[in-house]
Amino acid sequence: MNNGEKEIVHRILVIDDNPNIHEDFKTILLEEQPNKKLDSLGTEVLGRSARKFTPKSNYELDFASQGKEGYEKIKQAFGENRPYELVFVDMRMPPGWDGLETIEHIWKADPNIQVVICTAYSDYSWEDITLRLGRSQNLLILKKPFDSAEVAQLATALTEKWTLAKQASMKMGQLEQMAKERTHELEKVNEQLQQEIAQHRQTEKALAHKETRQDELIKKVDHINKDLKEFASIVSHDLKAPLRGIKTLANWILADCADKLGDQANEQMNLLLERVERMYSLIEGALQYSRAGRTEEKWVPVNLNNFVPEIINMVVPPGNITVTIENELPVIDCEEVHIMQVFQNLLSNAIKYMDKLQGWIKVGCVEQDGFWKFSVADNGPGIEEKHFEKIFKIFQTLPTSPYFEGTGVGLTVAKKIVELYGGKIWVKSKVGEGSTFFFTLPKQKGPRLAGTKMGAKNEKLEANITR
């Protein structure tokens, strides 16, 4: 260790009514253990003891004999900004709180502390424990009698996990503050520029000679857009860095300790990895939303009769879901990526949230008041009317499926694109019967629509995808 580095001391609390258990933890985590084999060999060869010792991690170990006493210690430590990182809790501690009641109080005082339940009995099933405490990535179970190496590995892994999580939280806070300050600064500049542009337009006819000034304003707006794009990429990189550290540690724990942690602990570690992947998805979704409408657009004629089936194949519906195109679709002038994102997000949502054994999705289009009115209908779980506006706001999701957790970005991106094209998007739904998402695209303004007349065909173009 360099002289300038500060040694990290990990604080651990043991709550157990058996004093012998306290001594066991001291022996495992604090006392240096002699290497007996090497000591015997040194005595035999050299006539004296070799006295080599195995170094221990740097821990500060405290003890409590009852759950309430341990809770008070944790509450006090948290209030003094010297929180414990890890607590080992015995399941049975008569006559006071048992292990589960103790943990319930502990997490009210310090929700971030890592907890290991120590038990020699099957007082509660895993279902009972999760019902009481919830599915937490901060909870593991250690069976008594426990192995010294197992305790040492848990102490090392979980205190390091706590430290990494704290560092990630601090980094997140710094990045959020930086993003807030930078966003406020850019909003002020953008507001000022918008005012200047508005004033310039009012006097444009009388001040035609000031076209140079207008060109300068356009350059400033372009420069701000470039800064926003670069800023989003930088924030994305800095947000992903602590996630990579957590993911690496979790994978290391699973690789080195999976056979010791048990099924429940492995399940929790996998849940942690799923949450990390979800955070990645949220960051990517935010970037996707920020880029919508900011890229250079290349308008081309797109025949939706050919393009939509390609999108259906891309989202890969499962065998129990039938996707049909109900009537002939128009040819429109648009940016291909934009129209792909709208249909892909609507179709993906319908597939991911489908709760029926035999599901169907229907794509249709009609002409209405100078617009193409598209629809994507399904027989899924449906949406309550009170959530119709919420689902189009960024990061707003509904718990409609126990198997899939969305990011709350897809519909927001679809809404942004449709509105950029001069259209609108909305939903009609009935709980238990399904939903229909509608969106419109103008035929003559906004995107340069081809104005193709839709035939009177009622033929269904079926796209049954079976894996």
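Numbering of residues begins at 1 and proceeds along the displayed sequence.
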Under the 3.5 angstrom rule, does the side chain of [X] hit a backbone N or O of [Y] as a donor-acceptor pair?
X    : Y    : answer
T440 : G423 : no
S429 : G434 : yes
K68  : G96  : no

Would you say [atom1] of [X] has more than 12 non-hydrogen atoms from neighbouring residues, nucleotides or ligands within 6.0 angstrom?
X    : atom1 : answer
K166 : NZ    : no
K356 : NZ    : yes
E389 : CD    : no
E385 : CD    : no

For F63 and E69, the nearest pair of non-hydrogen atoms, with its separation, is O-OE2, 4.2 Å
Is the closest basic N to carboxylate O distance between [X] and [Y] below 4.0 Å?
X    : Y    : value
K188 : E191 : no
K415 : E419 : yes
E72  : K75  : no
K144 : D16  : yes

Regarding [X] and [Y], is there a side-chain donor-to-acceptor distance under 3.5 Å anywhere?
X    : Y    : answer
S125 : D128 : yes
Y353 : D378 : no
Q358 : N320 : no

Test ring pair (Phe, Tyr, Trp, His ring centres under 6.0 Å), reference W426, set F438, F439, F437, output is F438
Review point. Which of parallel (below 30°), tilted (30 to 60°) and perpendicular (above 60°) describes Y71 and H105?
Key: perpendicular
